[in-house]
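Here the structure comes first, spelled out in structure tokens, and everything after it is commentary.
Proteins get letters first, then strands, A, B, ... in listed order; numbering begins at 1 in each.
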Protein chains: 4
Amino acid sequence: MPDVGHNGPPVASEQLKSLIERLETLNAEKAEVAEYIKEVYAEAKGNGFDTKAIRKLVALRKHDRAKLAEDKAILELYASAIGCLDLV
Amino acid sequence: MPDVGHNGPPVASEQLKSLIERLETLNAEKAEVAEYIKEVYAEAKGNGFDTKAIRKLVALRKHDRAKLAEDKAILELYASAIGCLDLV
Amino acid sequence: MPDVGHNGPPVASEQLKSLIERLETLNAEKAEVAEYIKEVYAEAKGNGFDTKAIRKLVALRKHDRAKLAEDKAILELYASAIGCLDLV
Amino acid sequence: MPDVGHNGPPVASEQLKSLIERLETLNAEKAEVAEYIKEVYAEAKGNGFDTKAIRKLVALRKHDRAKLAEDKAILELYASAIGCLDLV
DNA sequence: AACGCATAAGTAAGAC
DNA sequence: GTCTTACTTATGCGTT
């Protein structure tokens, strides 16, 4: 009979611990990827590229893609609105 | 006979293209990890946890770690300032 | 006879102008203070101090103060979570 | 005769203390001005202005003296170098 | 004069 | 839906 004498439910405590660990692992992964990105920019700079321009370029391409997705979404919305989704 | 008739060095163009691709891959990975993090918070909320408190806790632990690293850094800075880095 | 023939409300234009002026004045003040800070660091360097170490020290003291506030915040968060805010 | 028996020069310690104090005072002033700036933006928002647009406007006026055309030119150079659109 | 750092601006997400 | 808070990006600054 475990956990006798505790005030709170032990399962919640375990769950919380697990959540924190998962979050910190994921945060570490994210930081690691960010580090890789910095390294790529450093390499670019080492090869004589203008990193500021590259950053701008990457951002522009990202926004372009987002816009494409948006256009596609609204297109499908229109299409569904007139009951001919299959044509898209 | 490659590159005849081009004005700029093609190798730079290839390098740039490669850099862009690597950066976009890494950015996609980062976004994916961020998505996982959101899912964990959603799960936590689904299990009745206070996500605000969890966020605070995670941030606090992160800041604690940062502070430790900072303290260590200033210690080394002081140590080097008095020419006895080996004592650290 | 003011404002006859204008399309937009002139009051908004006046307000906007005032806002911009105030913001630019405040920005100038901020830049001025930043300039003083630079001068203090220059003086420190002139007296043989390691400005990097001083910057680190100042930042550290600032972070310490921030951490105290943060600890207090999470304490209150926990307290409210268990319904006893008055005890804090 | 003060300071007999100390290893380091006490005057440096005093100087350092003074420097730190002056820096922290100036930093506080800077933070205060920053706070005022935030308040002005809050007031602007309260009066129905788009703060993002105002920030942009202020930034533009501040950097009107800069050479944005140069950045634009190098961007276009890179874009044309990789036939930008083909990658999309 | 280029590099890294540190602050500041802008953006996106989450809470109330 | 508004509002703040956290994160990301960008610019400028000091240093080497």
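- Atom-to-atom, CD of B:Glu70 to C1' of E:dA6 comes out at 12 Å; the value is rounded to the nearest Å.
- C:Lys30 has its side chain within reach of C:Asn27: a pair of non-hydrogen atoms, C-beta onward, lies under 4.5 Å apart.
- Atom CG in D:Asp50 sits about 13 Å away from atom C1' in E:dG10, given to the nearest Å.
- Of the possible polar contacts, one joining the B:Ser13 side chain to the D:Ala81 backbone as a donor-acceptor pair under 3.5 Å is found.
- When side chains are defined from C-beta on, A:Tyr41 counts as touching A:Arg55, because their heavy atoms get closer than 4.5 Å.
- Straight-line distance from the CD1 atom of D:Ile37 to the C1' atom of E:dT7: 14 Å, rounded to whole Å.
- Straight-line distance from the OH atom of D:Tyr41 to the C1' atom of E:dA8: 12 Å, rounded to whole Å.
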**Request:** Encode nucleotides 4-16 of chain F as B, S and - characters from 5' to 3', where the letter depends on protein heavy atoms closer than 4.0 Å: B to the base, S only to sugar-phosphate, - to neither.
**Result:** ----S-SSSSSS-
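- Proximity of B:Asp50 to B:Ile54: side-chain heavy atoms (C-beta onward) are nowhere separated by under 4.5 Å.
- Taking a 6.0 Å sphere around CZ of B:Arg61, one finds it holds 12 or fewer heavy atoms contributed by other residues, nucleotides or ligands.
- Using a cutoff of 4.0 Å between basic side-chain nitrogens and carboxylate oxygens, B:Lys67 and C:Glu70 are not scored as salt-bridged.
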